[in-house]
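Taking it in order: structure first as structure tokens, then the write-up.
These figures come from a predicted structure and were not determined experimentally. To find a chain, count down the sequence lines: A is the first, B the second, and so on, and within it residues start at 1.
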There are 2 protein chains.
Amino acid sequence: MRNFKNLNMTEAYSISELSQEFDITPRTIRFYEEKGLLFPGRKGRTRVFSASDRVRLKLILRGKKIGFSLDESRDIIEMYEPETDNTRQLENLLLKIQEKRLLLEQRKKEINTMLKDIKKTESICLSALDDQ
Amino acid sequence: MRNFKNLNMTEAYSISELSQEFDITPRTIRFYEEKGLLFPGRKGRTRVFSASDRVRLKLILRGKKIGFSLDESRDIIEMYEPETDNTRQLENLLLKIQEKRLLLEQRKKEINTMLKDIKKTESICLSALDDQ
DNA sequence: TATTACGTTTACGTTAACGTAAAGATATTA
DNA sequence: TAATATCTTTACGTTAACGTAAACGTAATA
């Protein structure tokens, strides 16, 4: 009765639930906590992960796929959760955001360049096969 | 008289020329050779890099920026330089190409998702600043 | 001729991101 | 009650991608 469409209604997850869902080892998750990327609560000694931990984990793994280090991912994730409403801080946040946006757009361009090149090779390859 | 628009007309480059152009250390370049990513010739003991080495280096660094390992980059680079015209090999090459294309397109999607998220945060941030 | 610049090889060091193993707590099941 | 499953902490091991240092060769320059 705790699960609904594979989604925990209590919004609490065990380490094994998360590791299975994202196909990573518990060790990896503990490591992310150690590095200050996740903040599970405790029930006794065992970790209890919240929905926000789950989102964070998703963002970390997404960042990894496109070549972000854990530190870079933490930077980005922290932008999603501004802790203050002070103008000065907001402005700093905005700067950070714009910086990361540039970074992302740059990487997108690199990917597009590689895609163009690869498609060229592909078509050369295809026509070479046609000629046989 | 050897240079023309910062481009070596002899198509031969020293290790320091390349390391300066791409802002990496000579050690890095030697490491890439050691790992089978570059194949400089020798004049005596000193390495002589060709135009194709230079292109390869550029591709390696581009790959790094979007999170490819050196092994992955080598895979991709080798696709640019098919060594055979055998049909069977060409078909294999084509499969590899398509696989890498999927990988690239996937990463592009991840980036687009992150960009969307980041823009959302940005506009929240901006309107919060407006309200002050 | 001595220094400087640039190259070489060899080899050990470093950091990030985990893997792996040991030793134990706790809770459910046979 | 014994076994099994799942969790914990502690700690050493591993791989990729270089950094860094030593010790040396060679060629141009002061």
- Set of side-chain hydrogen bond (donor to acceptor under 3.5 Å, both in side chains) partners for A:Arg27, sequence neighbours left out: none
- In chain order, what residues pass the side chain to side chain contact (heavy atoms under 4.5 Å, CB included) check against A:Leu126, with sequence neighbours excluded? A:Glu122, B:Leu94
- Under the salt bridge (Lys or Arg N to Asp or Glu O under 4.0 Å) test, residues paired with A:Lys65 that sit two or more places apart: B:Glu110
- Message: B:Ile77: which residues meet the side chain to side chain contact (heavy atoms under 4.5 Å, CB included) condition with it, sequence neighbours left out?
- Response: B:Arg56, B:Leu59, B:Ile60
- Message: Side-chain N or O of A:Ser16 versus OP1/OP2 of D:dC7: is the shortest distance under 4.0 Å?
- Response: yes
- Query: Under a 4.5 Å cut-off applied to non-hydrogen side-chain atoms, are B:Leu57 and B:Tyr32 in contact?
  - Reply: yes
- Item | Nearest-nucleotide 5' precedence on DNA chain C, B:Arg30 against A:Asp71 | B:Arg30
- With sequence neighbours excluded, what pairs up with B:Lys108 under the side-chain hydrogen bond (donor to acceptor under 3.5 Å, both in side chains) test? A:Asn112
- Set of residues satisfying side-chain hydrogen bond (donor to acceptor under 3.5 Å, both in side chains) with respect to A:Asp75, sequence neighbours excluded: none
- Item | Listed partners of A:Arg107 passing side chain to side chain contact (heavy atoms under 4.5 Å, CB included), at least two apart | A:Phe68, A:Glu72, A:Leu103, B:Ile66, B:Ile111
- Message: The criterion is side chain to side chain contact (heavy atoms under 4.5 Å, CB included); which residues satisfy it with B:Arg42, sequence neighbours excluded?
- Response: B:Glu33, B:Arg47
Just the atom pairs and distances: protein N or O near nucleotides 3-5 of chain D's N or O, under 3.5 Å.
none

- Task: Please report, rounded to the nearest Å, how far the C1' atom of D:dT6 is from the CZ atom of A:Arg27.
- Result: 17 Å
- Task: Taking heavy atoms of chain A and a 4.0 Å limit, find me the 5'-most and 3'-most nucleotide of DNA chain C within that range.
- Result: C:dA17 to C:dA25
- Pull out every residue in residues 33-49 of chain A that has a heavy atom closer than 4.0 Å to any atom of DNA chain D, ordered by number, or say none. A:Arg42, A:Arg45, A:Thr46, A:Arg47
- Task: Please list, chain by chain and in numerical order, all residues satisfying side-chain hydrogen bond (donor to acceptor under 3.5 Å, both in side chains) with A:Ser52, sequence neighbours excluded.
- Result: none
